[in-house]
Amino acid sequence: MPQLRRDFRRVYHVGYDDVATEEALDLIAGLPDGSEYVAARDPARSWGEARRRSADVVDAVREVAWALGAYDRTACPTPPRVTRPEQVVARVEESRRAREARERIRGGDWEEA
């Protein structure tokens, strides 16, 4: 709940306790990506629009540098990109599924197809 209080102050410039319940629910539903509450509930949405645009600029500069030969193409065959939160979340989920599969295999809890 402390995230909601801070978000209400930062985003809406009102206190969480200063609005009616129905209005608070509407405001919660409208919190933007990058707000503390949204990021806590969905880490893939932890970046706001400004941070995404900044990462896009960094990616564009890296692409130009890569095209001009600033990177060793054998070590870096494609331009490097800033890792986005949704990519991190996907990697964590992939690791979790792989770990669960290994545990099922070790436990003999599987059937051959």
Side-chain angles (χ1 to χ4, degrees):
M1 199 73 125
Q3 296 119 341
L4 278 177
R5 293 184 188 285
R6 287 190 296 270
D7 281 342
F8 269 51
R9 287 281 180 209
R10 186 179 58 84
V11 176
Y12 302 123
H13 307 288
V14 297
Y16 176 79
D17 298 320
D18 297 339
V19 296
T21 303
E22 291 91 20
E23 183 180 7
L25 292 173
D26 289 341
L27 293 175
I28 291 168
L31 284 169
D33 286 0
S35 66
E36 288 185 45
Y37 180 76
V38 170
R41 304 232 348 145
D42 183 359
R45 295 177 57 198
S46 62
W47 281 10
E49 188 63 26
R51 191 157 181 194
R52 287 196 177 278
R53 291 190 186 275
S54 296
D56 290 343
V57 169
V58 170
D59 286 346
V61 170
R62 287 178 175 175
E63 286 176 22
V64 169
W66 183 85
L68 294 174
Y71 291 92
D72 175 9
R73 298 229 178 157
T74 56
C76 186
T78 60
R81 296 187 48 83
V82 175
T83 303
R84 289 358 188 230
E86 59 273 12
Q87 293 169 309
V88 173
V89 169
R91 287 181 191 149
V92 168
E93 177 62 20
E94 184 178 307
S95 294
R96 183 193 62 77
R97 285 194 314 265
R99 184 177 57 252
E100 287 177 358
R102 285 190 301 272
E103 289 171 5
R104 282 194 310 269
I105 290 169
R106 273 191 231 119
D109 187 22
W110 57 283
E111 294 179 17
E112 282 198 46

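Val89 and Val38 are members of different hydrophobic clusters when ILVMFWY side chains are connected at heavy-atom separations under 4.5 Å.
A salt bridge between Asp59 and Arg84 is present, with a side-chain N of the basic residue lying under 4.0 Å from a carboxylate O of the acidic one. Taking a cutoff of 4.0 Å between a charged side-chain nitrogen and a carboxylate oxygen, Arg91 and Glu86 do not qualify as a salt bridge. Arg106 has no carboxylate O lying under 4.0 Å from a charged side-chain N of Glu103, or vice versa, which leaves the two without a salt bridge.
Looking at heavy atoms from C-beta onward, Asp42 lies in side-chain contact with Arg45 at the 4.5 angstrom threshold. Side-chain contact between Val82 and Arg62 is present, with at least one heavy-atom pair separated by less than 4.5 Å. Residues Phe8 and Leu27 meet the side-chain proximity criterion, which asks for heavy atoms closer than 4.5 Å. For the pair Ser35/Arg10, a side-chain contact is recorded, criterion being any heavy-atom separation below 4.5 Å from C-beta on.
Applying the side chain to side chain donor-acceptor pair (under 3.5 Å) rule to pairs touching residues 16-31 yields Arg5-Asp17, sequence neighbours excluded. Sorted by first then second residue, the side chain to side chain donor-acceptor pair (under 3.5 Å) pairs that include residues 64-73, not counting sequence neighbours, are Asp72-Thr74.
Taking a 6.0 Å sphere around CD of Glu100, one finds it holds more than 12 heavy atoms contributed by other residues, nucleotides or ligands.
The backbone N or O of Gly48 lies less than 3.5 Å from no partner atom in the side chain of Asp33, so there is not a single donor-acceptor pair.
For Glu49, the salt bridge (charged side-chain N to carboxylate O under 4.0 Å, His left out) test picks out Arg53, with sequence neighbours left out.
The shortest non-hydrogen separation linking Pro85 to Pro43 is CB-O, 3.5 Å.
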